[in-house]
Amino acid sequence: QVQLVESGGGLVQAGGSRRLSCEASERTFSGYDMGWFRMAPGKEREFVARFTWSGDSTYYANSVKGRFTISRDNARNTLYLLMSSLKPEDTAVYYCAAALSLRMGQWTADYWGQGTQVTVSS
């Protein structure tokens with residue numbers, strides 16, 4: 001059974017940093033591409049970052065490139081998203097996801113966590 005549990009959301013000032021964590025079941029972590037998405041109020045879900053299952057490649061949305069870093073701790077079956085230089089427009093619910101795929105030009109996933117709210121104040 002695939003289980004994804006996010007944590008680390010909260011309120012942060014613009015320019016600050018925040019690290020999100022996603023704890024996954026061992027089978028999930030070793031067998032799938034994993035990543036982060038976000039959904040801001042009134043907007044569609046947006047791809048943020050991806051880590052390939054082989055662990056050798058990372059990909060980022062242009063809106064976060066250079067500011068966010070995706071990483072993983074295999075011993076802890078945990079995926080991280082370190083967010084730096086945060087902007088108010090980064091405010092969203094952030095979702096951990098597994099089994100990412102590209103469908104009709106958009107990234108999506110088969111499995112989702114429950115989401116964690118990140119609010120960036122100006």
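These numbers come from the heavy atoms of this one structure, side chains and all, not from hydrogens, waters or symmetry mates.
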Stepwise side chain to side chain contact (heavy atoms under 4.5 Å, CB included) check, Q114 with E6: CA-CA 7 Å; Q114 82 285 356; E6 302 103 330; 2.7 Å; yes
Side chain to side chain, R67 and D90, heavy atoms closer than 4.5 Å: yes
Joint cluster assignment, Y111 & V48, ILVMFWY side-chain distance < 4.5 Å: yes
Heavy-atom check, side chain of Y59 versus side chain of T52, under 4.5 Å: yes
Verify same cluster id: Y80, Y32 (apolar side-chain graph, 4.5 Å): no
Q117 versus T119, closest heavy-atom pair with distance: NE2-OG1, 3.3 Å
Heavy-atom closest pair, residues W36 and L81: NE1-CB, 3.5 Å
Atom pair CG (N77) and CD (Q3), whose distance is rounded to the nearest 0.5 Å: 12.0 Å
Enclosure of E46 CD (heavy-atom neighbours >12, cutoff 6.0 Å): yes
Contact summary for S63 and R38, nearest pair of heavy atoms: OG-NH2, 3.5 Å
ILVMFWY network linking F47 to W112, side-chain heavy atoms under 4.5 angstrom: yes
Close aromatic pair by centroid cut-off 6.0 Å: F37 and W107: no
Would you tabulate the side-chain donor-acceptor contacts of residues 7-22 under 3.5 Å, counting partners in other chains and residues two or more places apart, or write 'none'?
residue : atom : partner : partner atom : Å
R18     : NE   : G8      : O            : 2.8
R18     : NH2  : G9      : O            : 3.0

Aromatic plane relationship, Y94 with F68 - under 30° parallel, 30 to 60° tilted, over 60° perpendicular: tilted
Contact check, side chains of T69 and Y60, non-hydrogen atoms, under 4.5 Å: yes
Listing, residues 95-104 side-chain donor-acceptor contacts under 3.5 Å, not counting sequence neighbours, or none:
residue : atom : partner : partner atom : Å
S101    : OG   : R103    : NE           : 2.9
S101    : OG   : R103    : NH2          : 3.3
R103    : NH2  : D110    : OD1          : 2.6

Residue Q106 excluded, over 12 heavy atoms near CD under 6.0 Å: no
Stepwise side chain to side chain contact (heavy atoms under 4.5 Å, CB included) check, V64 with M83: CA-CA 8 Å; V64 306; M83 306 180 294; over 6 Å; no
Non-hydrogen atoms of L4 and A24 that approach each other most closely: CD2-CB, 3.7 Å
